[in-house]
Amino acid sequence: MFSLLVNIPANATWAENGVTIAGGNGYGGATNQLSYPDSLFVDDDQTVVIADYGNHRRGNGLHQLSYPTDVLIDKETDSLIICDRGNERLVRWSRRSGTTQGELLIGNIDCWGLAMDEQRYLYVSNRRKHEVRGYQLGEKNGTLVAGGNGEGNGLSQLNVPTYLFVDRDHSVYVSDSSNHRVMKWNKGAKEGIVVAGEQGSGSALTQLQYPEGIFVDTLGTLYVADQVNHRVMRWTQGNKRQGTVIVGGNGHGKGVNQLQYPYGLSFDRHDNLYVADAGNNRVQRFSIE
C-alpha cells in the first residue's frame, strides 16, 4: 500500500491553519457538501476518497450503503473496499465507469476500520466482538490478529476497536477507542503493546479521548486523531509516554486552526496532512512547513 512508504521528517511541522478541500458548506447531500465524514484515503495522485458517513443512499441493496465508516483503494483491481457498517458488511466497488453496484466480500460483521498490507491481506476491526481479524480476499472467517478476549482493558483485550494501520512488518496498530489508547500488535502476538494513551480519558499530553484515525510513518512515528480533544497528535518511538499536538487543540470550532470531532487522517506523498473533520462536515488539508 502507498501509505506504507511515507517518510516524514522527525522534526516536521505543519501549518496551524488548514485549507478545506472538500465540504465545508454545511451538513447535507449536495456535491459540495459532506455529512459527518468519517474516513479518507489519499491515493498516489492525491485523489482523496472519503467515507461520507451520513450521505449513504441508505438501504441494504448492493447498489446502496448505510453509514460507511472506512474505505481503502485496492489498486490491483482498481476498486474501493468499503466498511458498510450500517449493513454490517464489507463490500467492493469497482472504480471503472458504469459500475452500478458493489460486490459482497464479508457479511454479518460489525466492522469499523480497514487496512491492507502489500500482499493484499485485509484487516478489519469488529466493534461488537472487540477484535481485529485478517482475511485473504475471498475468505469469510479470517484469522484473529488482535483482541478477541472479550471487552476489557487488559493487554490481550480491546474495547470498541475502530481504525487500523498495518506497517511493513505486518504489525497491526489499533485505535482502542473506549480504552482511550492506541495498541500495537506484532504479527502472531497474543498481547498488544500500548503505544499511546492509557492514562485514562483526558486532555493532557499523556492522554487521549476516544481516539479514531491513526497513521504510522516509516520511522514508526504514530499520528492519532484525538477525537474528543479536537486535535491530531504525534507520538514518537522514543517517547511513548506523551505526544505532541500537531494540528488543532484550539478548542472545538470551525475556525481554520480548529477541528471538531476529527475522525480519519492520512498523508499524501508530499507529507501534507488530511483530516476528516467530521463535526464540521469538511476535509481539511494542513500543509507541511
Side-chain angles (χ1 to χ4, degrees), residues 3 36-41 49-54 56 65-72 81-90 106 109-116 122-135 142 144-153 157-167 171-185 192-198 201 207-216 222-233 235 243 248 259-266 274-279 283:
S3 56
Y36 219 76
D38 264 18
S39 169
L40 50 84
F41 186 93
V49 180
I50 303 162
D52 193 14
Y53 186 75
H56 41 73
L65 297 170
S66 178
Y67 299 110
T69 53
D70 207 356
V71 59
L72 55 81
I81 296 177
I82 303 166
C83 173
D84 185 15
R85 181 185 167 240
N87 287 317
E88 296 200 349
R89 66 188 181 186
L90 213 61
I106 303 168
I109 181 171
D110 187 20
C111 63
W112 189 280
L114 303 173
M116 186 185 273
L122 189 62
Y123 300 79
V124 186
S125 65
N126 187 319
R127 300 194 334 151
R128 186 180 302 129
K129 292 186 176 178
H130 308 286
E131 68 181 23
V132 178
R133 297 185 86 84
Y135 298 83
L144 185 70
V145 294
N149 294 299
E151 173 188 330
N153 62 6
Q157 295 177 302
L158 298 169
N159 187 358
V160 190
T162 55
Y163 293 103
L164 306 175
F165 191 93
V166 180
D167 69 15
S171 298
V172 181
Y173 292 78
V174 185
S175 242
D176 190 10
S177 183
S178 291
N179 281 326
H180 312 292
R181 66 187 185 184
V182 177
M183 302 286 288
K184 176 184 179 181
W185 291 64
I193 303 160
V194 179
V195 290
E198 208 190 31
S201 170
Q207 295 176 305
L208 297 168
Q209 198 164 5
Y210 296 102
E212 295 294 344
I214 50 179
F215 191 97
V216 181
L222 170 69
Y223 301 84
V224 185
D226 188 12
Q227 182 211 165
V228 179
N229 287 320
H230 315 292
R231 64 191 183 186
V232 175
M233 298 189 75
W235 299 66
L259 298 168
Q260 191 158 230
Y261 302 108
Y263 266 71
L265 61 82
S266 193
Y274 296 73
V275 183
D277 188 14
V283 173

*Using the ring of each side chain (for Trp, its six-membered ring), is Phe165 parallel, tilted or perpendicular to Tyr173, with breaks at 30° and 60°?*
perpendicular

*Measure the acute angle between the ring planes of Trp112 and Tyr53, then classify it against the limits of 30° and 60° as parallel, tilted or perpendicular.*
tilted

*Test Asn159 against His130 for side-chain contact (heavy atoms from CB on, under 4.5 Å), laying out the working first.*
CA-CA 6 Å; Asn159 187 358; His130 308 286; 3.9 Å; yes

*Check salt bridge (Lys or Arg N to Asp or Glu O under 4.0 Å) between Asp38 and all other residues, then give those that pass, not counting sequence neighbours.*
none

*Applying salt bridge (Lys or Arg N to Asp or Glu O under 4.0 Å), name anything that partners Asp70, two or more places apart in sequence or on another chain.*
none

Would a distance-only check, ignoring hydrogens and angles, find a side-chain to backbone donor-acceptor pair under 3.5 Å from [X] to [Y]?
X	Y	answer
Gln227	Tyr210	yes
Asp277	Gln260	yes
Ser266	Leu40	no
Glu131	Asn126	no

*Drop me the distance from Tyr67's OH to Arg85's CZ, to the nearest 0.5 angstrom.*
9.5 Å

*Any chance you could lay out the side-chain contact (heavy atoms from CB on, under 4.5 Å) test for Leu90 and Cys83, step after step, and finish with the verdict?*
CA-CA 5 Å; Leu90 213 61; Cys83 173; 4.1 Å; yes

*Test applied, side chain to side chain contact (heavy atoms under 4.5 Å, CB included); reference residue, Val182; option that passes from Leu208, Asp176, Val174*: Leu208

*asked:* side-chain contact (heavy atoms from CB on, under 4.5 Å) for Val145 and Arg133? Distances and angles first, verdict last.
replied: CA-CA 5 Å; Val145 294; Arg133 297 185 86 84; 5.7 Å; no

_Audit row: Tyr36, Tyr263, ring-ring contact (aromatic ring centres under 6.0 Å, His included) steps and yes/no_ = CA-CA 9 Å; Tyr36 219 76; Tyr263 266 71; 5.8 Å; yes

_Sole candidate of His180, Gln207, Arg181 that passes side-chain hydrogen bond (donor to acceptor under 3.5 Å, both in side chains) when paired with Glu198_ = Arg181

*I would like to know whether Asp226 and Gln209 meet side-chain contact (heavy atoms from CB on, under 4.5 Å); could you show each step before the answer?*
CA-CA 6 Å; Asp226 188 12; Gln209 198 164 5; 4.2 Å; yes

*Any side-chain heavy atom of Tyr135 within less than 4.5 Å of one from Ile106?*
yes

*Who pairs with Trp235 by side chain to side chain donor-acceptor pair (under 3.5 Å), at least two apart in sequence or on another chain?*
none

